[in-house]
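Here is how names work: the chains are called A, B, and so on, in the same order as the sequence lines, proteins then strands, and each is numbered from 1.
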Amino acid sequence: MTELSKSESEIYSLRKEKEAAIRDSKIDSFPTYFENTTNASEILKLHSNLTDGEKTEISTSVRGRILSIRSFGKLTFMDLKDYSGKIQLVLSQEELSTELAQYIENYDVGDLVGVSGNIMKTKKGEISIKVTDSILLSKSLRNFPEKWHGLKDKETRFRQRYLDFIVNEDAIKTIQTRFQIIKLIREFMDSKHFIEVETPTLQPKAGGAIARPFTTHHNAMSIDMFLRIAPELYLKRLIIGGFEKVYEIGKVFRNEGIDMTHSPEFTMMESYQAYTNVNGVMDMVEEMCCYVFSKLNVNSEISYLDSKADFSFPWKRISMFDLVNNKFNLNIDFDSDINSILSSLEKNFGLTYSSKTIGLLVYELFENHIEKEIIDPTFVTDYPKEVSPFARESKEKQGITERFELFAFGSELANGFSELIDPEDQEQRLKEQAIKKSDGDDEAHVEDKDYIDALEYGLPPTGGLGFGIDRFVMMLTNNESIREVIAFPHLKPES
RNA sequence: GGGUCGCUAGCUCAAUUUGGCAGAGCAACGGACUCUUAAUCCGCAGGUUCGGGGUUCAAGUCCCCGGCGACCCA
């Protein structure tokens, strides 16, 4: 137990005394099981037609946490909260046995109790339970945050997330929506006959994305291992093995900074489907989001923070080259002369770039000047080969891949492509990454002979997708920070 | 990695500008109260001002070092 301050320990010992009084009472407390007949919101829903002041003989029992107590001496009101909502309890001392009345005197805000009683409506019109019996299920020994202002301090909210969930309805609602969304994504993928799989989280090589991994060590095998930065290369091995449609929802880990949109561990849905390509993947993403929106009753007009976006389908699909050309009034094509474009950018916009290739230049211009401005959901296509080591090169446009990233509200939501299936090409691309790595780029991809071996047995033409669950949830729950959509976001220990 | 701001009672916040007894509301505790729902009224108590050092007669306040957090930038 952490050390308590003086006022905290006073409350602690006081509540310990009340707990002892409860134990000393003839009423047998702290049962391991308490049967309820219904829950708070069900009661409110079923009895809204009562008239003010009406009392019924309908008996009910519920269980939950006491959120507040308003006492009038001989009449006491309490708010009881369970998973479904809140219900008011009315306790009239004259209608309870002396023993039970004394017993309930020992209840505090925060205690978990079971109650039985009859459903009624107060004179002021609040549906309540007139308590006839109650039992303490678990005692709270700590002082709760204030009921009106609640718990605001972000650090405390995330360090003691359970308190946040008890006190802040928005917090619990966000997490509920998160898991509902994940469930809906599963439903959709299952309906499309994808099978859900699990691939290694501990990997001897951290592959499938451009990111710095967390490192660990396996003692028995005596090798360093890495937490996965993506499940990609294993999922494609499953496609090689004959699974034609697979997906995985799980954590990936990237050893990078933490900010409003980045968490070192986050949740991705990755899917791979044989015999389709980048266009099929974009279609599927749209269909999947459509399913989620309709089940969540989300309007196609989505408000997020200060902006509004039109999520009606179909979503715009536009080449990164077109976006850049429109923005800078240029006419860059995959085979343009880089030097004349660099000088034109400098002359007309005062922008100094030293990109080595057309592809890298377009990519940098897009990242620096355009990405943040994309509000309506948009599939940006034609990613340069240099930044897409696993995507298949376009047949028509040299140096450009069949790849897209989906953006909305200035943030990346998804990434997908026609998978590179040629082992020689793949080997060459990873070699280029390895050179970057040896030049000091610790995010560059490692060579992976084992994966190349697998490709040599034949990967069918395949469309792959990575879909960022956390950011999707942020947009649908109107949360600015990724921490809000993660039940237990990481914080540095205090000491 | 750089910058700005913050950390005061269990919670939400004052007091920092100009160094001069560390305060309020809610929660708790004692009392009154049978229809409240931020209940009301009376009373009482609660502090390592994030930690360490320095300046000063005097530091929550100024200076230095450290911790944690928030935001902005790269």
Side-chain angles (χ1 to χ4, degrees), chain A residues 1-18 21 40 44 50-55 65-81 85-96 101 104-111 117 120-131 139-164 166-169 212 255-262 305 364 367-369 371-372 410 442-443 479-484 489-495:
Chain A
M1 194 170 80
T2 50
E3 211 163 307
L4 298 179
S5 71
K6 201 175 151 200
S7 70
E8 277 178 309
S9 64
E10 274 168 13
I11 284 162
Y12 189 91
S13 49
L14 203 81
R15 291 191 171 200
K16 269 294 197 191
E17 284 170 23
K18 290 187 186 177
L44 297 183
L50 294 177
T51 57
D52 291 358
E54 185 175 349
K55 292 179 177 142
R65 189 186 296 275
I66 297 172
L67 273 195
S68 62
I69 301 175
R70 297 176 293 282
S71 171
F72 286 76
K74 294 202 175 81
L75 183 71
T76 301
F77 299 94
M78 295 186 189
D79 290 331
L80 188 77
K81 184 193 178 193
K86 259 192 264 181
I87 183 76
Q88 178 170 267
L89 310 178
V90 179
L91 301 103
S92 168
Q93 220 175 74
E94 282 174 3
E95 292 170 55
L96 297 173
I104 289 172
E105 282 289 295
N106 292 302
Y107 284 6
D108 287 301
V109 168
D111 288 354
M120 61 168 284
K121 200 173 206 176
T122 63
K123 289 174 194 165
K124 293 284 169 66
E126 174 135 0
I127 296 163
S128 310
I129 297 171
K130 181 82 172 222
V131 175
K139 186 76 185 157
S140 169
L141 300 171
R142 296 284 202 113
N143 209 354
F144 269 66
E146 200 218 346
K147 62 194 162 191
W148 183 242
H149 295 96
L151 181 63
K152 283 186 176 165
D153 181 68
K154 284 189 188 178
E155 190 175 345
T156 314
R157 284 187 48 222
F158 293 135
R159 283 196 198 282
Q160 296 179 272
R161 201 73 203 278
Y162 44 90
L163 278 183
D164 191 30
I166 291 169
V167 171
N168 294 323
E169 210 160 321
R212 190 195 305 178
N255 203 341
E256 290 159 1
I258 297 177
D259 64 26
M260 303 271 274
T261 53
H262 295 85
L305 309 179
E364 284 169 34
E367 272 204 319
N368 295 336
H369 305 286
E371 182 179 318
K372 281 198 185 65
D442 52 12
E443 288 194 350
N479 275 299
E480 189 173 12
S481 167
I482 195 168
R483 289 171 186 254
E484 296 284 351
H490 291 290
L491 289 175
K492 221 169 158 177
E494 278 168 298
S495 53

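Crowding of A:Arg159 atom CZ: a count of heavy atoms from other residues, nucleotides or ligands under 6.0 Å exceeding 12. Counting heavy-atom neighbours within 6.0 Å of A:Glu169 CD, excluding the residue itself, gives a total of 12 or less.
Residue A:Arg159 is in sugar-phosphate contact alone, with no base atom involved, counting any heavy-atom pair closer than 4.0 Å across all strands shown. If you check every strand for non-hydrogen atoms under 4.0 Å, A:Arg483 touches sugar and phosphate atoms only.
Using P as the reference atom, B:A15 and B:A24 are 15 Å apart when rounded to the nearest Å. As rounded to the nearest Å, B:C21 and B:A32 have C1' atoms that lie 34 Å from one another. Across the C1' atoms, B:G52 and B:U40 are found 47 Å apart, a figure rounded to whole Å. Between the C1' atoms of B:A22 and B:A9, the separation comes to 11 Å (whole Å). Nucleotides B:A27 and B:G10 have their C1' atoms positioned 7 Å apart, rounded to a whole Å. Remark: the separation of the C1' atoms in B:U8 and B:G23 is 10 Å, to the nearest Å. The C1' atoms of B:A14 and B:G25 are separated by 11 Å, rounded to the nearest whole Å. Spacing of C1' atoms, B:G51 relative to B:G60, comes out at 14 Å, to the nearest Å.
Proximity of A:Met78 to A:Leu91: side-chain heavy atoms (C-beta onward) are separated by under 4.5 Å at one or more points.
With both pairing distances under 3.5 Å, B:C71 is matched to B:G3 as a Watson-Crick or G-U wobble pair. Nucleotide B:U18 is matched to nothing when pairs are restricted to Watson-Crick or G-U wobble geometry with both distances under 3.5 angstrom. Shown here, B:C33 forms no base pair; nothing in the strands shown gives a Watson-Crick or G-U wobble contact with both key distances under 3.5 Å. Pairing of B:G66, defined by two Watson-Crick or G-U wobble distances under 3.5 Å, is identified with B:C50. Across the strands present, B:U12 finds its partner in B:A24; the criterion is a Watson-Crick or G-U wobble pair with both atom distances under 3.5 angstrom. Figure legend. B:A45 is base-paired to no nucleotide; pairs are counted as Watson-Crick or G-U wobble with both atom distances under 3.5 Å.
Smallest separation of non-hydrogen atoms from A:Phe144 and A:Val109: CD1-O, 4.0 Å.
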Steps toward side-chain contact (heavy atoms from CB on, under 4.5 Å) verdict (A:Phe158, A:Glu484): CA-CA 9 Å; A:Phe158 293 135; A:Glu484 296 284 351; 3.6 Å; yes

From CA spacing to verdict: salt bridge (Lys or Arg N to Asp or Glu O under 4.0 Å), A:Asp52, A:Lys123: CA-CA 5 Å; A:Asp52 291 358; A:Lys123 289 174 194 165; over 6 Å; no

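Salt bridge annotation for A:Lys130-A:Glu95: present, with a cationic side-chain nitrogen under 4.0 angstrom from a carboxylate oxygen. Between A:Asp108 and A:Arg15 a salt bridge is recorded (basic side-chain N to carboxylate O distance below 4.0 Å). Under the 4.0 Å criterion applied to side-chain N and carboxylate O atoms, A:Arg212 and A:Asp442 are assigned as salt-bridge partners. Classification of A:Arg142 and A:Glu8 as a salt-bridged pair holds, one side-chain N sitting under 4.0 Å from a carboxylate O.
The interatomic distance linking A:Leu491 (CG) with B:A70 (C1') rounds to 11 Å, in whole Å. Summarising the geometry, the separation between CG on A:Asp111 and C1' on B:A28 is reported as 13 Å, rounded to the nearest angstrom. Rounding to whole angstrom units, CD1 of residue A:Ile482 and P of B:A70 are separated by 13 Å. A straight line from NZ of A:Lys492 to P of B:G66 spans 12 Å, rounded to a whole angstrom. The separation between A:Glu484 atom CD and B:G69 atom C1' is 14 Å, rounded to whole Å. Spacing between atom CG of A:Leu44 and atom P of B:U37 amounts to 18 Å, rounded to whole angstrom units. Atom CD in A:Glu10 sits about 12 Å away from atom P in B:A45, given to the nearest Å. Rounding to whole angstrom units, CD of residue A:Glu155 and C1' of B:C50 are separated by 10 Å.
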Would you list the protein and nucleotides 8-15 of chain B atom pairs, both N or O, that sit under 3.5 Å from each other?
unit_1, atom_1, unit_2, atom_2, d
B:G10, OP1, A:Ser5, OG, 2.8
B:G10, OP1, A:Ser7, OG, 2.3
B:C11, O2', A:Gly150, O, 2.6
B:U12, OP1, A:Lys152, N, 3.0
B:U12, OP1, A:Asp153, N, 3.0

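Between the CD atom in A:Gln88 and the NZ atom in A:Lys121 there is a gap of 12.5 Å [rounded to 0.5 Å].
RNA chain B is contacted by both A:Lys154 and A:Gly125; A:Gly125 maps to the nucleotide lying nearer its 5′ end (nearest heavy atom per residue). Toward the 5′ end of RNA chain B lies the nearest nucleotide of A:Lys121, the other residue of the pair A:Lys121 and A:Met260 mapping further downstream.
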Per-nucleotide protein contact string for nucleotides 29-34 of chain B, where B marks a base within reach and S marks sugar-phosphate only (heavy atoms under 4.0 Å, - for neither): S---BB

